[in-house]
Amino acid sequence: MTAKRRSGKSTLRLSIFFGDLGWMALVTAGETVRQLTFGHSSPSAAKRGIEPELLAAAEFVESETPLTRRLRAYASGNPDSFRDVAVDLGRLSRFQRRVLMQCRRITLGSMVSYAELAARAGFPRAARAVGNCMAANRVPLIIPCHRVVRSDGRLGFYSAPGGPAMKRRLLALESRKLA
């Protein structure tokens, strides 16, 4: 599974590791996160959660990194905003980038509605599109889409394994550590 990107950019690296939120898979290019998936029941399920084109181009690494340690610590209840972690948003539309960057600003342990996030991003009538953007988030936890809820306070959909139950778990994890 060793392949390097032909463009001369950083080699894509795939890490698969276990934490209190299940098996996780992380693809990075240098210090930039390209994709993260979590909540899986096995290493192979975590691997299947990675987009095929990234998986095909990635080199598997077994060693732990500072980011994998941070993700494990977060999963075990140690708060982390991950705001310093670089993420690749290059292939996204202007709308998607603005929404995801505003989502990163939601403070640990708090929630905003899809409509409020749409307004913060400069698109006050785009709550449904914000929901679609959250569902397509390739770097959950780092971009905390679990902190975005419906206007009526209900959780709404969550695309990670476990769906709304995982979203509830993440919100509870954050609120306990901040109390």
Side-chain angles (χ1 to χ4, degrees), residues 9-10 12 19 21-22 24-39 49-51 53-54 65-68 70-75 77-179:
K9 295 183 181 178
S10 297
L12 293 178
L21 294 172
M24 301 182 191
L26 174 70
V27 176
T28 57
E31 298 297 316
T32 302
V33 175
R34 298 285 303 273
Q35 188 175 3
L36 169 67
T37 185
F38 72 97
I50 298 297
E51 293 181 6
E53 70 274 5
L54 291 178
T65 67
L67 183 54
T68 60
R70 286 173 68 184
L71 287 162
R72 281 185 187 176
Y74 171 86
N78 295 306
D80 194 328
S81 71
F82 298 109
R83 286 188 184 161
D84 62 310
V85 176
V87 296
D88 179 12
L89 302 178
R91 69 182 193 134
L92 302 178
S93 70
R94 176 178 159 266
F95 169 80
Q96 291 168 317
R97 283 192 303 273
R98 286 180 66 177
V99 168
L100 291 172
M101 293 313 296
Q102 286 300 316
C103 184
R104 283 193 97 169
R105 293 182 177 143
I106 302 169
T107 58
L108 195 69
S110 64
M111 297 177 285
V112 302
S113 71
Y114 294 101
E116 184 178 347
L117 183 56
R120 288 181 183 185
F123 303 95
R125 296 181 171 270
R128 187 175 301 256
V130 164
N132 291 335
C133 185
M134 295 295 98
N137 179 12
R138 291 171 34 144
V139 287
L141 304 181
I142 295 170
I143 297 180
C145 53
H146 61 278
R147 297 180 192 151
V148 185
V149 298
R150 294 171 43 135
S151 294
D152 62 8
R154 291 187 290 167
L155 294 183
F157 181 72
Y158 193 58
S159 59
M166 179 61 82
K167 189 173 192 173
R168 188 176 303 104
R169 182 176 175 189
L170 293 171
L171 293 170
L173 178 82
E174 291 181 356
S175 66
R176 277 194 309 269
K177 289 303 172 178
L178 295 175

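Only a predicted model underlies this, so the values are computations on that prediction, with no experimental measurement involved.
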Applying side-chain hydrogen bond (donor to acceptor under 3.5 Å, both in side chains) as the test, list every pair that has at least one member in residues 124-144; sequence neighbours left out.
Glu51-Arg138
Side chain to side chain, Thr65 and Thr28, heavy atoms closer than 4.5 Å:
no
So how far is it from Leu141 CG to Asp80 CG, rounded to the nearest 0.5 Å?
10.0 Å
Check whether any side-chain heavy atom of Leu155 lies under 4.5 Å from a side-chain heavy atom of Leu171, and answer yes or no.
yes
For residues 97-156, pull every pair meeting ring-ring contact (aromatic ring centres under 6.0 Å, His included), keeping only residues two or more places apart or in separate chains.
Phe95-Phe123
Apply side chain to side chain donor-acceptor pair (under 3.5 Å) to Glu116 and list each qualifying residue two or more places apart in sequence or on a separate chain.
Arg120
Heavy-atom side-chain proximity of Arg70 to Asn78 below 4.5 angstrom:
no
Checking Arg72 now: which residues fulfil side chain to side chain donor-acceptor pair (under 3.5 Å) with it, not counting sequence neighbours?
Glu64
Non-neighbouring partners of Arg98 that pass salt bridge (charged side-chain N to carboxylate O under 4.0 Å, His left out), sequence neighbours left out:
none
Working to the nearest 0.5 angstrom, can you tell me the gap between Gln96 CD and Met101 CE?
14.0 Å
Only counting residues at least two apart or in another chain, list the ones meeting side chain to side chain contact (heavy atoms under 4.5 Å, CB included) with Ala119.
Pro124
Of all heavy-atom pairs linking Ala118 and Ala126, the shortest is CB-C, 3.8 Å
Starting at CZ of Arg147, measure out to CG of Leu108 and round the result to the nearest 0.5 Å.
4.5 Å
For Cys145 against Pro140, the heavy-atom pair lying closest together:
SG-CB, 4.1 Å
Pairs touching residues 160-169 that satisfy salt bridge (charged side-chain N to carboxylate O under 4.0 Å, His left out), sequence neighbours left out
none
Side-chain heavy-atom pair Leu89, Ile143 within 4.5 angstrom cut-off
yes
For Leu170 and Phe38, which heavy atoms make the closest approach, and how far apart are they?
CD1-CZ, 3.8 Å
Nearest atoms (heavy-atom pairs only) where Arg104 meets Asp84
NH2-N, 4.5 Å
By side chain to side chain contact (heavy atoms under 4.5 Å, CB included), which residues pair with Ser81, not counting sequence neighbours?
Arg83
Trace of the side chain to side chain contact (heavy atoms under 4.5 Å, CB included) decision for Leu67 with Glu31:
CA-CA 9 Å; Leu67 183 54; Glu31 298 297 316; over 6 Å; no
Using side chain to side chain donor-acceptor pair (under 3.5 Å) as the criterion, list what pairs up with Arg150, not counting sequence neighbours.
Asp152
Non-hydrogen side-chain atoms of Met24 and Thr68 separated by less than 4.5 Å
no
So, using side chain to side chain contact (heavy atoms under 4.5 Å, CB included) as the criterion, who are the partners of Ser159 when residues are at least two apart?
Phe157
The side chain to side chain contact (heavy atoms under 4.5 Å, CB included) partners of Arg105 (sequence neighbours excluded) come to Gln102
Is there a side-chain contact between Val87 and Phe82, using heavy atoms and a 4.5 Å cut-off?
no
Looking only at non-hydrogen atoms, find the nearest pair between Ala115 and Ser151 and report the distance.
CB-OG, 3.9 Å
In this structure, CE of Met111 is separated from CG of Leu117 (nearest 0.5 Å) by 14.0 Å
Those residues that, when tested against Ser113, pass side chain to side chain donor-acceptor pair (under 3.5 Å) (two or more places apart)
none
